[in-house]
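This report concerns only the one structure given below.
Residues: numbered from 1 along the sequence shown. Just follow the structure's listing: the first ligand is 1, and inside any ligand the first atom is 1.
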Amino acid sequence: MRSPKDFFAPLALGAPAPVREIPVTPSRMIHFFDPSNEKMAAKAPDIAKKVDVLLGNLEDAVRADRKEAARDGLVAIAKANDFGKTQLWTRVNSLDSPWVLDDLVTLVTEIGDKLDVIMVPKVEGAQDIHYVDRLLAQLEARAGLTKPLLVHAILETASGVANVEEIAGASPRMQGISLGPADLAASRRMKTTRVGGGHPGYLVRTDPTGEDLNEGRTTYQQDLWHYTVARMVDACAMHGILPYYGPFGDIRDVVACEDQFRNAFLLGCVGAWSLHPVQIDIAKKVFSPAPSDVAWARRVIAEMGDGTGAVMIDGKMQDDASVKQCRVVAELADALAADDPQLAAAYDAATKEILG
Ligand SMILES: CC(C)(COP(=O)(O)OP(=O)(O)OC[C@H]1O[C@@H](n2cnc3c(N)ncnc32)[C@H](O)[C@@H]1OP(=O)(O)O)[C@@H](O)C(=O)NCCC(=O)NCCSC(=O)C[C@H](O)C(=O)O
Ligand SMILES: [Mg+2]
């Protein structure tokens, strides 16, 4: 554990100083593509115009015999394109794999100035972040980088969940954490066989209404990921970093994908992964507050004046705590609207309708 006095000191001579605040730029969807897949790679520059984050994936879903091609493909794409405000991230191979060292050495030295965030899979505890932290500092110094790379951990092992608070606070590089439900399910020996989403067998049932135990008993499917997402959100909020839902593997089921993303949004997540182009707009819709919610939030803020005391608005009591919630929504809306004139117009129109 680093002394609090040294927390913000660079970990290698010549490495850039760590950031003190994690930049809160839109990251509603982290769009995954395989840079070794020619079709996907060819689409990357166009997809970059529609997404907040473009992520070149080197880990799972890239075949073992395509790992070098994926790494080289990402280097080529990054060098050939300027993605403007769209962030470029990568997911490197796991720390126990034969590829990760070359992933980090190659990416930081070749395209470190183009990358924003390095996603590290299967993080078990703070020790994994400390290892990456020091190595990145050495590589940044070698590459002469002036801006530090940030690190994003995937929460996908039982021990990662048990240690999530220390992972979130392990380094000033920590940008955020995503839920990795598929690996987490395997690590926990859950009996699901899916990539995220719910399961019809995970349910609660109403009490029996008579002698027949099968008669008239409604069942309600429960959210397998509620506990982990909530715990991850708390760990991230505690350390000033950002929480994300991860993948929803049933690409065809756009309805349940939207539900899963919305649960995460309401619990505090700022985004989710898009695995296929069809999931991009779902994430954009869900992780941008609804115009009616923004209008309401702005109204509460306006009517609460200095933000203290209590007022009644449409029969509902508002006070210091509800105005704080409204500020979260209104500030997110303002940040997203700053780069999206259509969203700005929708928010302003809804606000005008209720505020006049
Ligand atoms: C899921 C896919 C394998 C589906 O691919 P495909 O069968 O090719 O789908 P379509 O025919 O519908 O595709 C239509 C066209 O769109 C292109 N495409 C598809 N996906 C992408 C993409 N992500 N980015 C860019 N372009 C994409 C196709 O090439 C088609 O093009 P064309 O033929 O020219 O029309 C595929 O979508 C895919 O591989 N997605 C990424 C999967 C991935 O990254 N998985 C890893 C993340 S999830 C995970 O790791 C689990 C997690 O860690 C955990 O533990 O929970
Ligand atoms: Mg995984």
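R28 and S288 share a side-chain donor-acceptor pair at under 3.5 Å. Side-chain N/O atoms of T25 and Q87 include a donor and acceptor closer than 3.5 Å. Between R188 and T228, the side chains place a donor N or O and an acceptor N or O closer than 3.5 Å (distance only, hydrogens not considered).
Closest N/O/S atom of D183 to the Mg ion (ligand 2): OD2. Nearest to the Mg ion (ligand 2), among the N, O or S atoms that E156 has, is OE1.
For R194 and D250, the salt-bridge test fails: no basic side-chain N is under 4.0 Å from an acidic carboxylate O.
In this structure, P16 and K147 have side chains that are not in contact, with every pair of non-hydrogen atoms separated by 4.5 Å or more.
Ligand 1 is surrounded by H31, F32, F33, K39, M40, K43, I47, N57, D60, A61, R91, E156, G180, P181, A182, D183, P247, W273, L275, H276, P277, each with at least one heavy atom closer than 4.0 Å.
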Worked verdict on D212 versus R217 for salt bridge (Lys or Arg N to Asp or Glu O under 4.0 Å): CA-CA 10 Å; D212 185 349; R217 299 181 68 183; over 6 Å; no
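Taken together through direct or relayed side-chain contacts under 4.5 Å among Ile, Leu, Val, Met, Phe, Trp and Tyr, M238 and V233 form parts of separate hydrophobic clusters.
Taking 2.8 Å as the threshold, D60 does not count as a candidate ligand of the Mg ion (ligand 2), since none of its N, O or S atoms lies below it.
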